[in-house]
Structure formats: C-alpha cells, structure tokens
A.B. asks: 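I am attaching a structure below and will ask some questions about it afterwards.
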Amino acid sequence: MTIVRIPAGWPASEEEARAAQDELRGRVVLDEPGPPPGTGRVTGVDVAYDDERGVVAAAAVVLDAATLDVLAEATAVGEVSFPYVPGLLAFREVPTVLAALDALDRDPGLVVCDGYGLAHPRRFGLASHLGVLTGLPTIGVAKNPFTFTYEEPDRPRGSTSPLLAGPDEVGRAVRTQAGVKPVFVSVGHRVGLDRACAHTLALAPRYRLPESTRRADALCRRTLKETVGRAGAPS
DNA sequence: GCGACAG
DNA sequence: ATCTTGTCGC
C-alpha cells in the first residue's frame, strides 16, 4: 500500500493552520437539514497514530443507516501531517482520512467524525473541515466536552442538554445510554443539529459511541498494527 | 502570566 | 491519541 504524503502547501505552523481555518470557515453550509436519520448510508471515520514513527492509519466504514450493517470499508496509511494542538486537530487527520474516503467503492452518505464540527474555538473543527473539503454532509461526535460547558442531561437514553460556548449553543450533550456519560454532538457541514443528534442516537442502540465510530476505530487500530508491526517489532 | 484543552 | 492487568458484570 502507498503512503499518503503530506500535501504540498500543507500548513507547517500553527499560525498558517489557523489562517487556513479562517479562510475555509466561510464555506461551511449550515442551512440544510441533512439526510433523514435511519435512511441511506452513514460512514464512520477515525485514525490511529504511532507518533514514534510518524505514522497514521485512517479507516472509513460505511454502514446501512437502517440496519447498521457494514456495507463497505477502506483504509489509508500516511505520514503524520501535524502535531496535536487543541483546535488544530484536523491538520493531523485530514489528509489520510480523505484518502480512506476516496478508496471507498460507494458514496459515503453522512460522515460521522470523531471530534467536533462547529463546537470549536474558531467554529471550524474537524467535521466542518472534512465537510468543506469533500462536500459531504458531516457531523462530529466527541467523547469529551473540550473547553465547553454543559449541564448533565437527564438519565434516560435520548436526553440532551446544550453544549455551550458562553451563551451560544455550539452542540449538544447526548445521552446515548441510560446513566452513561453523554457524547458531545456538533454540526459539521450540511446537517442541522437536531438531525445530527438523531443520527447519533440511531447509531448507538447498544453502546455509548456510535457504531460507525466503533467500527472505524477498530479498523484503523488494526491497520496501524499490521502496518507498523513488522518493521517495528522490538528485537 | 497560568492553566485547560477534540484526538 | 497512547501507555497497560486484572477485574467486575451482563
């Protein structure tokens, strides 16, 4: 398999990366309701890292939104394209994730990202970034509240509460399992918050995290091990 | 200036 | 994200 290289002109500093976000941010589309939950396809994307070797593996797993059956999978392995900096996560994940999406043999439908979309210091997180670059509808489902505040949703599955940046609702804390820590949903591109939350709930009938991200997480980890595991075994 | 901070 | 064994529970 070929290695995804860092694209020409890719930001090399935090300053350049922030400038790129400020420029792309205007292309986010927020006035579409998005695809109806439970219909069509939903694709989970995730990445795993070996920072020691500067290697990143990405996976994209396409599910039938109604049955959650796996319809297609693809992976890509690349060079780590940016260090982890809160607020600049996309620059670390985007090139390899794009390659994985490109390798799919069918339309991804709605893309579910591990992280945030509009809930971001400059309102342009990973999910929005990926949406603008692909034109696909995207949402972000994160495991932590990042810098935002929220009140604990009620205990029952399906309960929600606003995720706040000061007075602004930038996303929602969504209880996908009764009594279990919520996930944090935000809009990426071409999807409204209500449907973003409904999709998240529909994707998590049994576990805290959406089935899409669980599948993508397992696949990219396995891909990373298989890629690095041979040249990198301790002797 | 200090601390916090998606993955 | 990643480092890591066993353990409690359905």
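Letters go in sequence order (proteins before strands), and every chain restarts at 1. Note: hydrogens, waters and symmetry copies are ignored here, and every other heavy atom, side chains too, is used. Fair warning: this is a prediction, and the values are worked out from it, not measured in the lab.
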A.B. asks: I want to check something: taking the side chain as every heavy atom from C-beta on, are A:V80 and A:R92 in contact at a cut-off of under 4.5 Å?
C.D. replies: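 Yes, at least one pair of side-chain atoms sits under 4.5 Å.
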A.B. asks: Mind checking whether A:V183 and A:L209 have side chains closer than 4.5 Å, heavy atoms only?
C.D. replies: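 Side chain of A:V183 against side chain of A:L209, heavy atoms only: contact under 4.5 Å found.
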A.B. asks: For A:G87, report the nucleic acid contact type (base, sugar-phosphate, nothing); a contact means any heavy atom under 4.0 Å.
C.D. replies: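 Base: the residue A:G87, judged by heavy atoms under 4.0 Å, touches a nucleobase.
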A.B. asks: Answer whether the closest heavy-atom distance between the side chains of A:P182 and A:V174 falls below 4.5 Å.
C.D. replies: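 No, too far: nothing below the 4.5 Å cut-off.
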A.B. asks: May I ask you to decide if the ring planes of A:W10 and A:H129 are parallel, tilted or perpendicular, using 30° and 60° as cut-offs?
C.D. replies: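 Correct class here is tilted.
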A.B. asks: Taking heavy atoms of chain A and a 4.0 Å limit, find me the 5'-most and 3'-most nucleotide of DNA chain C within that range.
C.D. replies: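 Range of nucleotides touched by chain A: C:dA1 to C:dT2.
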A.B. asks: Remember a base hit wins even if backbone is also touched, and classify A:A48 as base, sugar-phosphate or nothing at under 4.0 Å, heavy atoms.
C.D. replies: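 Sugar-phosphate contact only.
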A.B. asks: Begin with the C-alpha distance, continue with both residues' side-chain angles, and end with the deciding distance and a verdict on side chain to side chain contact (heavy atoms under 4.5 Å, CB included) for A:Y84 and A:E93.
C.D. replies: CA-CA 10 Å; A:Y84 172 66; A:E93 313 210 330; over 6 Å; no
A.B. asks: Under 4.5 Å between any side-chain heavy atoms of A:E32 and A:H189, yes or no?
C.D. replies: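 Side-chain contact under 4.5 Å: no.
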A.B. asks: So do A:L88 and A:R122 actually touch side chain to side chain, heavy atoms under 4.5 Å?
C.D. replies: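 Yes, their side chains come closer than 4.5 Å.
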A.B. asks: Pick base, sugar-phosphate or nothing for A:R221, based on heavy-atom distances below 4.0 Å to the nucleic acid.
C.D. replies: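 Touches sugar-phosphate only.
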A.B. asks: Is a side-chain donor or acceptor of A:R190 paired with a backbone partner of A:G135 at a separation under 3.5 angstrom?
C.D. replies: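 The answer is yes, because a donor-acceptor pair under 3.5 Å joins these two groups.
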A.B. asks: Using the six-membered ring wherever Trp is involved, compare the ring planes of A:F146 and A:Y116 and label them parallel, tilted or perpendicular (cut-offs 30° and 60°).
C.D. replies: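 Answer is parallel, since the angle falls under 30°.
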A.B. asks: How would you label the contact of A:D50 with the nucleic acid (heavy atoms, under 4.0 Å): base, sugar-phosphate, or nothing?
C.D. replies: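 Here A:D50 touches no strand at all.
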A.B. asks: Using Watson-Crick or G-U wobble pairs with both distances under 3.5 Å, give me DNA chain C in dot-bracket, 5' to 3', with [ ] for crossers and | for pairs to another strand.
C.D. replies: ..........
A.B. asks: Select base, sugar-phosphate, or nothing to describe what A:L88 touches, counting heavy atoms under 4.0 Å on all strands.
C.D. replies: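 Base contact.
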A.B. asks: For chain A and DNA chain B, what are the first and last nucleotides along the strand, 5' to 3', with at least one atom under 4.0 angstrom from a heavy atom of the protein chain?
C.D. replies: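 Terminal contacting nucleotides, 5' to 3': B:dC5 to B:dG7.
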A.B. asks: Let me know which of A:V61, A:V141, A:T43, A:T138 forms a side-chain contact (heavy atoms from CB on, under 4.5 Å) with A:V112.
C.D. replies: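 Output: one option passes, namely A:V141.
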A.B. asks: Base, sugar-phosphate, or nothing: which does A:Y49 touch, judged by heavy atoms less than 4.0 Å apart?
C.D. replies: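 Touches sugar-phosphate only.
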A.B. asks: For the pair A:K225 and A:D50, find out whether any cationic side-chain nitrogen is under 4.0 Å from an anionic carboxylate oxygen.
C.D. replies: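 Salt bridge flag = no for A:D50 with A:K225.
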